Amino acid sequence: MNPGWNGQFSCFDLVAKSSAHSRTAVYVRDIPIGGDDFVVMAGPCAVESERQLLQTAEAVAEAGARILRGGAYKPRSSPYSFQGLGVDGLRLLRKAREQTGLAIVTEVMSEDDVDLIAQYADLMQVGTRSMENYSLLEALGQCGRPVLLKRGMTATLEELLRSAQIVAEAGNPEIILCERGIRTFETATRNTLDISAVPVLKTVSHLPVIVDPSHAAGVRCLVPTLARAAAVVGSDGLLVEVHPSPDEALSDGSQSLTCGEFRRMMDDLQPYLDLQYESRRMGPQLVAAGGD
Ligand code: PEP
Ligand code: MN
């Protein structure tokens, strides 16, 4: 165990674990994340059309997802890629919520969009490229919605918790952390899923932690396997990309599951969730070291 854990993280007092504050459930509408349920958020990388979104929403709801993901404002690596439908995409997300009852998570890239997106989203996603956008983090302190904070692709866990502390200090303690893969020398996968981030974060912070296996993998065949790993190590849920016809997707098709693949992934997760419940029952096996 790293003897520096306590000293490293305890300065982020609003998000670090303490004897008074060991575990927090964050509510997305009436859905607790970080409680006993494993909550799956799923949907397309980007909202492309009414038909694409509603078809995906119905399929993921039927398979057991409780939150619909879909980007209306897309941060893309290339300026020539699809940038999202903007407010039209937000309207489609609202329609999908009305039709399926799913809550909505969608990304906010700029502090100028916070108020608008908060009118449509139940959970405000901060993407990997924005984790250190402090003006955005501060604006989210007053948005009245919980925040899904993704780890920057080159950020340490300390930097992730520092960003969480900024949102909390700005007035919003409702934060869910997301491990989505980090950049390493490995090129066989799009990113490297830092699976140990989950038990470390669960040990040093009271915030819920979920895993995004899609952006970690970059290829769809790995997504169910990484999802199982996330379940076993104690993740509170998943964020998964699903598209009715991934080969035609305008973004991240290669890592998106078809609706059928998503259903199978959900069906196959149960024994791994049982393992997670078993290890939670046995109590924490990691203990943060004493202060340094
Ligand atoms: C996304 O969720 O589609 C996304 C852009 O994720 P990330 O910020 O992790 O790359
Ligand atoms: Mn994506």
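Worth saying up front: this structure is predicted, and the values here are computed from it rather than measured. Start at 1 and go down the list; that is how both ligands and their atoms are numbered. Any value given below was found using the heavy atoms of this structure, including those in side chains, with hydrogens, waters and symmetry copies removed.
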Visitor: CD of Glu159: more than 12 outside heavy atoms within 6.0 angstrom?
Guide: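 Yes, CD of Glu159 has more than 12 neighbouring heavy atoms, counting only those of other groups under 6.0 Å.
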Visitor: For the Mn ion (ligand 2), what is the closest N, O or S atom on His215?
Guide: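 Restricting His215 to its N, O and S atoms, the minimum distance to the Mn ion (ligand 2) goes to NE2.
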Visitor: Assess Met153 for proximity to ligand 1: is some non-hydrogen atom of it under 4.0 Å away?
Guide: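 Heavy atoms of Met153 never come under 4.0 Å of ligand 1.
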Visitor: Using a strict cut-off of 4.0 Å, indicate which atoms of ligand 1 neighbour a heavy atom of Gly127.
Guide: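 In order of numbering, the contacting atoms are 8 (O).
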Visitor: Can you list the ligand 1 atoms lying under 4.0 Å from a non-hydrogen atom of Cys45?
Guide: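 Here the atoms of ligand 1 in question are 3 (O).
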Visitor: May I ask you to say whether Arg264 pairs ionically with Asp267, meaning some side-chain N is under 4.0 Å from a carboxylate O?
Guide: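 Salt bridge between Arg264 and Asp267, a charged N being under 4.0 Å from a carboxylate O: no.
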Visitor: Mind checking whether Thr128 has an N or O less than 3.5 Å away from an N or O of ligand 1?
Guide: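 Yes; at least one N/O pair falls below 3.5 Å.
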Visitor: May I ask you to list the atoms of ligand 1 that are less than 4.0 angstrom from any heavy atom of Gln125?
Guide: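 Listed by number with element, the hits are 1 (C), 2 (O).
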Visitor: For the Mn ion (ligand 2), give me the closest N/O/S atom belonging to Glu241, just the atom name.
Guide: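 Minimum-distance N/O/S atom of Glu241 relative to the Mn ion (ligand 2) is OE2.
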Visitor: Do Asp13 and Gln165 have side chains that get closer than 4.5 Å, going by heavy atoms?
Guide: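 Answer yes - side chains close enough.
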Visitor: Quick check: does Arg69 get an N/O under 3.5 Å from an N/O on ligand 1?
Guide: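 For ligand 1, there is an N or O atom that lies under 3.5 Å from one belonging to Arg69.
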Visitor: Please check if the number of heavy atoms outside Asp274 that lie under 6.0 Å from its CG is greater than 12.
Guide: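 Yes, CG of Asp274 has more than 12 neighbouring heavy atoms, counting only those of other groups under 6.0 Å.
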Visitor: Say you draw a straight line from OG of Ser214 to CG of Asp252; how long is it, rounded to the nearest 0.5 Å?
Guide: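 One gets 8.5 Å once the value is rounded to the nearest 0.5 Å.
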Visitor: Between ligand 1 and Lys150, is the shortest N or O to N or O distance under 3.5 Å?
Guide: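 Checking ligand 1 against Lys150, an N or O pair does fall under 3.5 Å apart.
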Visitor: Taking atom CZ of Arg23 as the centre, does the number of heavy atoms from other residues, nucleotides or ligands within less than 6.0 Å exceed 12?
Guide: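 Result for CZ/Arg23: enclosed.
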Visitor: For ligand 1, which atoms have a heavy atom of Lys74 less than 4.0 angstrom away?
Guide: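 What qualifies from ligand 1 is 1 (C), 3 (O), 5 (C).
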